[in-house]
Amino acid sequence: MEELRKNNENMANVSMDVLDKRILDLLSNDGRKSYRKISRELGVSVGTIHNRVDKLTKSGIINKFVPVIDHEKLGYNLTALIGLELKGGTISSIVDKEIFKHNLLAVYDVTGQFDSIMIAKFRDTFELNEFIKLLLAEEPVVKTYTHTVLNIVKEELNSSMIKFD
């Protein structure tokens, strides 16, 4: 808990100016955009862009550069939202296990009816069924509540759509 508080304090101390925000906006739309293209669009030197991106990375604002994957093209046609009731424990001991991590897109500790919510992708209902059974065998898991997605209206888990104004 103390570490979480310190991380939040550190993030509150990170300041960004207009140029940083414009760089983040461009990289959010295309993480592969070259520093040279960014520098031309923003009218500053390539070195300035390099230094700013380095600063944003070291400060933790940019965590990593990753591709946005179309899971359906890889055969993962089923999306599930899984609510979990836990007893005393935390979901963090489960999410890094090899049997779970390949399907998980996001895991949240939440308030309300559930203790935790997972967003996961599966090839089919058989794979989802096996995943749920393995979850239920884990010590802190009391119950799961599974919702399957019928239609994806918006899904942008790998990019930031936050307006950096």
Side-chain angles (χ1 to χ4, degrees), residues 7 11 16 19-42 46 49-50 52-86 90-138 140-165:
N7 285 340
M11 290 309 295
M16 294 193 323
L19 182 58
D20 291 330
K21 293 173 184 178
R22 291 177 70 195
I23 291 168
L24 283 177
D25 188 47
L26 290 172
L27 288 174
S28 291
N29 289 318
D30 181 2
R32 292 184 60 179
K33 185 171 273 198
S34 72
Y35 291 171
R36 184 169 311 285
K37 285 183 181 176
I38 294 170
S39 73
R40 284 187 196 134
E41 285 187 46
L42 300 181
V46 174
I49 299 301
H50 181 274
R52 293 297 185 105
V53 171
D54 192 48
K55 177 188 85 165
L56 293 167
T57 303
K58 286 180 179 173
S59 69
I61 291 172
I62 295 175
N63 290 317
K64 59 185 170 179
F65 294 90
V66 296
V68 177
I69 297 169
D70 185 332
H71 293 93
E72 287 185 8
K73 288 184 179 174
L74 295 174
Y76 289 84
N77 299 309
L78 178 62
T79 302
L81 307 175
I82 305 166
L84 296 143
E85 274 187 34
L86 305 171
T90 177
I91 199 68
S92 62
S93 63
I94 296 172
V95 298
D96 289 330
K97 289 188 176 182
E98 198 69 27
I99 56 174
F100 298 117
K101 71 179 185 179
H102 297 296
N103 296 92
L104 292 174
L105 294 181
V107 180
Y108 306 99
D109 286 331
V110 297
T111 60
Q113 180 181 358
F114 311 117
D115 298 307
S116 187
I117 292 181
M118 297 177 161
I119 301 173
K121 297 275 189 178
F122 302 94
R123 289 185 173 97
D124 51 40
T125 56
F126 299 106
E127 192 174 79
L128 169 60
N129 183 45
E130 182 66 22
F131 185 90
I132 297 298
K133 287 179 179 173
L134 290 169
L135 267 179
L136 287 167
E138 292 293 324
V141 179
V142 176
K143 279 185 179 176
T144 64
Y145 301 84
T146 304
H147 303 272
T148 57
V149 173
L150 299 175
N151 181 38
I152 297 172
V153 177
K154 179 179 176 168
E155 182 175 78
E156 304 215 19
L157 295 174
N158 286 0
S159 66
S160 177
M161 300 309 293
I162 295 172
K163 190 163 173 69
F164 301 107
D165 289 335

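Since this is a predicted model, take the numbers as computed values, not measurements.
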*Asks:* Angle between ring planes, Y145 versus F114, binned at 30° and 60°: parallel, tilted or perpendicular?
*Replies:* tilted
*Asks:* If you count heavy atoms of other groups shown closer than 6.0 angstrom to CZ of F126, is the number above 12?
*Replies:* no
*Asks:* So do the side chains of L86 and V142 get within less than 4.5 Å of each other, counting heavy atoms only?
*Replies:* no
*Asks:* Mind checking salt bridge (Lys or Arg N to Asp or Glu O under 4.0 Å) for E155 and listing every partner two or more places apart, or none if nothing turns up?
*Replies:* K121
*Asks:* Please report the closest heavy-atom contact between V46 and Y35, naming both atoms and the distance.
*Replies:* CG1-CB, 4.0 Å
*Asks:* To the closest 0.5 Å, what do you measure between CD (E130) and CD1 (I99)?
*Replies:* 8.5 Å
*Asks:* Starting from the C-alpha separation in whole Å, work towards a yes-or-no answer on side chain to side chain contact (heavy atoms under 4.5 Å, CB included) for N77 and R123.
*Replies:* CA-CA 6 Å; N77 299 309; R123 289 185 173 97; over 6 Å; no
*Asks:* List the residues meeting side chain to side chain contact (heavy atoms under 4.5 Å, CB included) with T125, not counting sequence neighbours, and say none if there are none.
*Replies:* L78
*Asks:* Would you say the ring centroid of F122 lies under 6.0 angstrom from that of F131?
*Replies:* yes
*Asks:* Pair I38, V53 - check side chain to side chain contact (heavy atoms under 4.5 Å, CB included), show working.
*Replies:* CA-CA 11 Å; I38 294 170; V53 171; 5.6 Å; no
*Asks:* Using the side chain to side chain contact (heavy atoms under 4.5 Å, CB included) rule, take L84 and I117 through it: C-alpha gap first, then chi angles, then the decisive distance, then the call.
*Replies:* CA-CA 6 Å; L84 296 143; I117 292 181; over 6 Å; no
*Asks:* Could you pull out the closest heavy-atom pair between D20 and M16, with the gap in Å?
*Replies:* OD2-CA, 3.5 Å
*Asks:* Whether D25 and K21 form a salt bridge (side-chain N of Lys/Arg under 4.0 Å from carboxylate O of Asp/Glu) is what I want to check.
*Replies:* no
*Asks:* Distance check, rounded to the nearest 0.5 Å: F100 atom CZ versus L134 atom CG?
*Replies:* 5.0 Å
*Asks:* Do L135 and M118 have side-chain heavy atoms sitting under 4.5 Å apart?
*Replies:* yes
*Asks:* D30: which residues meet the side chain to side chain contact (heavy atoms under 4.5 Å, CB included) condition with it, sequence neighbours left out?
*Replies:* R32, K33
*Asks:* Between T144 and L136, what is the shortest heavy-atom contact and its length?
*Replies:* CG2-CD2, 3.9 Å
*Asks:* Mind checking the NE2-CZ spacing from H50 to R36? Nearest 0.5 Å is all I need.
*Replies:* 12.5 Å
*Asks:* Between S116 (side chain only) and Y108 (backbone N and O only), is there a donor and an acceptor less than 3.5 Å apart?
*Replies:* yes
*Asks:* Which value, rounded to the nearest 0.5 Å, describes the distance between L128 atom CG and N103 atom CG?
*Replies:* 9.0 Å
*Asks:* Enter the distance from D54:CG to I62:CD1 here, rounded to the nearest 0.5 Å.
*Replies:* 9.5 Å
*Asks:* Given side chains that start at C-beta, do those of I91 and P140 come closer than 4.5 Å, heavy atoms only?
*Replies:* no
*Asks:* Hey, what do you get for CG (L56) to CD1 (I61), rounding to the nearest 0.5 Å?
*Replies:* 5.0 Å
*Asks:* Salt bridge check, R22 against E41: does any charged N sit closer than 4.0 Å to a carboxylate O?
*Replies:* no
*Asks:* Show your reasoning for whether side chain to side chain contact (heavy atoms under 4.5 Å, CB included) applies to E85 and V141.
*Replies:* CA-CA 6 Å; E85 274 187 34; V141 179; over 6 Å; no
